[in-house]
Amino acid sequence: PRGRFIRRVQGVPERMTRGFISLYQRVITQYRRLGIPAEAEIRQLEQKIEVLRAYLQELQRLQEQQSNAAAADNRP
């Protein structure tokens with residue numbers, strides 16, 4: 001349909017990725033708050049967060065492409 005609004009729906013991969021980022025951030029916060037000397041573990045978690053954020057950006061880029069393609073298909 002012409003002029004139809006395409007709503008962005010968060011998919012399972014995006015929700016899972018955000019969930020793991022949040023979990024890893026909370027673990028880092030707890031290590032630091034409790035004064036646990038876990039610098040190696042913290043670095044590993046920070047690296048995982050970076051990878052997950054890059055993956056999230058790729059998911060969002062693909063969603064944009066799909067939305068743009070769908071919008072183009074809906075043009076008269």
Side-chain angles (χ1 to χ4, degrees):
R2 188 171 174 214
R4 191 177 97 194
F5 177 74
I6 299 171
R7 199 177 103 196
R8 186 174 165 274
V9 178
Q10 218 181 31
V12 172
E14 186 174 347
R15 285 196 311 267
M16 294 290 295
T17 303
R18 289 183 188 281
F20 275 105
I21 290 171
S22 178
L23 171 66
Y24 294 155
Q25 288 172 331
R26 287 192 313 265
V27 171
I28 290 169
T29 299
Q30 283 296 94
Y31 276 147
R32 290 183 174 150
R33 188 179 332 156
L34 298 174
I36 298 172
E39 288 308 310
E41 290 85 354
I42 289 173
R43 275 194 305 279
Q44 287 177 344
L45 291 170
E46 288 172 338
Q47 288 172 350
K48 288 180 181 184
I49 290 170
E50 287 178 30
V51 169
L52 290 170
R53 285 187 174 148
Y55 176 66
L56 195 57
Q57 286 179 341
E58 181 65 13
L59 286 176
Q60 290 169 341
R61 186 186 68 76
L62 291 172
Q63 279 183 332
E64 277 184 32
Q65 277 183 339
Q66 287 177 339
S67 292
N68 291 341
D73 289 344
N74 289 332
R75 289 189 195 131

Worked check of side-chain contact (heavy atoms from CB on, under 4.5 Å) between Gln65 and Asn68
CA-CA 5 Å; Gln65 277 183 339; Asn68 291 341; 5.8 Å; no
Qualifying residues under side chain to side chain contact (heavy atoms under 4.5 Å, CB included), relative to Val27, sequence neighbours excluded
Leu23, Tyr31, Leu45
For Tyr24, look at atom OH and say whether over 12 heavy atoms of other residues, nucleotides or ligands are found less than 6.0 Å away.
yes
Indicate if Val51 and Ile28 have the same hydrophobic cluster label, given that clusters are the connected sets of ILVMFWY residues with side-chain heavy-atom separations under 4.5 angstrom.
no
Can a donor-acceptor pair be found between the side chains of Arg18 and Ser22 at a distance below 3.5 Å?
no
Group every Ile, Leu, Val, Met, Phe, Trp and Tyr by side-chain heavy-atom contacts under 4.5 Å, then state whether Leu62 and Val12 land in the same group.
no
Residue pairs meeting salt bridge (charged side-chain N to carboxylate O under 4.0 Å, His left out), one or both in residues 56-69, sequence neighbours left out, come to Glu58-Arg61
Do any pairs count as a side chain to side chain donor-acceptor pair (under 3.5 Å) and have a residue in residues 38-52, sequence neighbours left out, and if so which ones?
Arg32-Glu46
Can you give me the closest heavy-atom contact between Thr17 and Leu52, atom names plus distance?
CG2-O, 3.4 Å
